[in-house]
Amino acid sequence: MSVRTRATAAYTKLRPYAPAVSFFGGFAWDAITLGRQIQPSDLFIAFGYLLGAGAILVAIGRGVRFRYSQYLNAVLQFFFGNVFSALFILYFLSSSDLPGYLVVLGLGALLVGNEFLESAYSELTLSWAFFALSAIMFFNFALAHLFRSINPFWFYLGTLLAMLLVVALRRLSTSARRSSAIPAFVAAGAMLALHAANFIPPVPLVKKDMFIAHDVRRANGGYVATIESPGFRFWRSSSAIFHRSGGERVYCFTSVFIPEGIDTTIRHRWQVKGEDGWTTTSVIPFRIAGGRKAGYRGFTFKQNVTPGQWRVIAETTSGAAIGIVEFRLEPGTPDDVKSVTR
């Protein structure tokens, strides 16, 4: 058997896995190139994909026929793929805990599944459900940027606008064929339930940095923190163990990116782990303002702490997690500390 024949056979065998490989490769590239900051241009591009998908759905529903109309399903697949890809990256940047990552994983599953659904898009019931889900998640981002607010009200308004858009476009598209809107409304109901349970990442907030420190102070327009430096330990972060000497304070420093013009409050929820799980000992709010590329910086501290397993959750006032840092507090003096500037 020639090398070319073997290569062809190998390609044929691996071809079914190409969509998944393409997805993860594209995600890795986008994660590297986008960094941890969300640009307004990203939202305009995502909106263009969404409008394109809506226009194709109307054309398919009305039974439009022209020279290249046989490719409409493929074009719709292209638009949905780009919408899901953009939303995947945007929501991934704002995720910091398991519930948020589960939602992002669901978007990833839809993105991979989209590669196999070209023929299914002729059944408009499925297509409108995908469109509704995409529109809800897009408006959740867009309204926060437009009105400079992360109030949960905008999520509910965005859901309403998305469903009104679905209803309006379906009316335009059903002259030639009918489709059911029930799955679209089921998707909207599921998103509302996930939001109420704080499973939806707190877009457009993005955690830049979060750590536990022995001291945090202002200096030269920034912050200087003293943290433990235990050397190279690849299996845990440098702040996994915190040695407390006497009654010193324990600081939690957080840097969060937020778009320019948004002024809001986030909270540090300090929790200790006991036999019955995590118990909240205090919730300390502080203000943040958007616009700084490196993130808005703030900190809280506690002095009444006991040895054991602790964690601090940076969250919105509605309880959606922005970031989490976990550490074990032990009595004693650290072997080595270092200063970091943020």
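Values below: all heavy atoms of this structure, side chains included; hydrogens, waters and symmetry mates excluded.
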(message) I'd like to know if Lys338 and Asp336 make a salt bridge, using a cut-off of under 4.0 Å between side-chain N and carboxylate O.
(response) no

(request) Please round to the nearest 0.5 Å and tell me the distance separating atom CG of Asp209 and atom CZ of Arg297. (result) 11.0 Å

(message) With a 4.5 Å cut-off on side-chain heavy atoms, are Ile227 and Phe211 touching?
(response) yes

(message) So which atom in His195 and which in Pro152 form the shortest heavy-atom distance, rounded to 0.1 Å?
(response) CE1-CB, 3.8 Å

(request) Group every Ile, Leu, Val, Met, Phe, Trp and Tyr by side-chain heavy-atom contacts under 4.5 Å, then state whether Ile45 and Phe138 land in the same group. (result) yes

(message) Could you report the tightest heavy-atom contact between Val283 and Arg269, atom names first, then the distance?
(response) CG2-NH1, 3.5 Å

(message) Rounded to the nearest 0.5 Å, what separates atom OG1 in Thr159 from atom CG in Leu192?
(response) 4.5 Å

(message) Main chain of Val305, side chain of Arg244: is a donor-acceptor contact present, judged purely on distance under 3.5 Å?
(response) yes

(request) Identify whether Val224 and Phe253 are in the same connected component of the hydrophobic contact network (ILVMFWY, side-chain heavy atoms under 4.5 Å). (result) no

(request) Answer with yes or no whether the hydrophobic clustering places Phe185 together with Leu169; edges join I, L, V, M, F, W, Y residues whose side-chain heavy atoms lie under 4.5 Å apart. (result) yes

(request) Check Val312, Ile324, Ile313 against Gln271 for a side-chain contact (heavy atoms from CB on, under 4.5 Å) and give me the one that passes. (result) Ile313

(message) With side chain to side chain contact (heavy atoms under 4.5 Å, CB included) as the criterion, how do Leu50 and Phe131 come out once you've worked through the C-alpha distance, each side chain's angles and the decisive distance to 0.1 Å?
(response) CA-CA 8 Å; Leu50 188 66; Phe131 184 85; 3.8 Å; yes

(request) Report the distance from atom CH2 of Trp154 to atom CZ of Phe147, rounding to the nearest 0.5 Å. (result) 4.5 Å

(request) Please check if the distance between the ring centroids of His268 and Phe299 is under 6.0 Å. (result) no

(message) Distance check, rounded to the nearest 0.5 Å: Asn198 atom CG versus Thr316 atom OG1?
(response) 6.5 Å

(request) Evaluate the criterion side chain to side chain donor-acceptor pair (under 3.5 Å) for residue pair Thr300 and Trp270; output intermediate values, then yes/no. (result) CA-CA 10 Å; Thr300 63; Trp270 291 75; 3.2 Å; yes

(request) Provide the closest heavy-atom pair for Arg249 versus Phe242 in the form atom of the first, atom of the second, distance. (result) O-CZ, 4.4 Å

(request) Is it possible for you to say whether Val186 and Ile200 belong to one hydrophobic cluster, with membership spreading through side-chain heavy-atom contacts below 4.5 Å? (result) no

(request) Check whether the side chains of Thr265 and Arg287 place a donor and an acceptor atom closer than 3.5 Å, and report yes or no. (result) yes

(request) Look up atom CG in Asn140 and atom CG in Leu157, then write down how far apart they are to the nearest 0.5 Å. (result) 11.0 Å

(message) I want to check something: taking the side chain as every heavy atom from C-beta on, are Val325 and Cys252 in contact at a cut-off of under 4.5 Å?
(response) yes

(message) Are the side chains of Pro334 and Glu228 in contact, using a 4.5 Å heavy-atom criterion?
(response) yes

(request) Answer yes or no: does atom CD1 of Ile182 have more than 12 heavy-atom neighbours from other residues, nucleotides or ligands under 6.0 Å? (result) no

(request) Heavy atoms only: give me the nearest Ala129-Ala187 pair and the separation to one decimal. (result) O-CB, 4.3 Å

(request) For Ala132 and Met163, work out which heavy atoms get closest and say how close. (result) CB-SD, 4.0 Å

(request) Would you confirm whether Trp310, through its side chain, and Thr306, through its main-chain N or O, come within 3.5 Å as a donor-acceptor pair? (result) yes

(request) Could you check if a side-chain atom of Arg267 sits within less than 4.5 angstrom of a side-chain atom of Phe286, using non-hydrogen atoms only? (result) no

(request) First locate atom CE of Met210, then atom OG1 of Thr254, and finally report the distance between them rounded to the nearest 0.5 Å. (result) 4.0 Å

(message) Please evaluate residues Glu315 and Ile266 with respect to the criterion side chain to side chain contact (heavy atoms under 4.5 Å, CB included), reporting the C-alpha separation (whole Å), side-chain torsions for both, the decisive distance (0.1 Å), and the verdict.
(response) CA-CA 6 Å; Glu315 63 183 25; Ile266 66 173; over 6 Å; no

(message) Tell me the closest heavy-atom pair linking Val166 and Ala184, and the distance in Å.
(response) CG1-CB, 4.4 Å

(request) Test Ile212 against Tyr251 for side chain to side chain contact (heavy atoms under 4.5 Å, CB included), laying out the working first. (result) CA-CA 6 Å; Ile212 301 299; Tyr251 290 80; over 6 Å; no

(message) Does any part of the side chain of Leu57, heavy atoms only, come nearer than 4.5 Å to the side chain of Trp128, both counted from C-beta?
(response) yes

(message) Is there a continuous path of hydrophobic side-chain contacts, each under 4.5 Å between heavy atoms, that joins Val58 to Phe79?
(response) yes

(request) Starting from the C-alpha separation in whole Å, work towards a yes-or-no answer on side chain to side chain contact (heavy atoms under 4.5 Å, CB included) for Phe199 and Met191. (result) CA-CA 9 Å; Phe199 271 59; Met191 291 297 295; over 6 Å; no

(request) Show your working on side chain to side chain donor-acceptor pair (under 3.5 Å) between Arg218 and Tyr223 and close with a plain yes or no. (result) CA-CA 4 Å; Arg218 289 182 177 271; Tyr223 290 87; 2.9 Å; yes

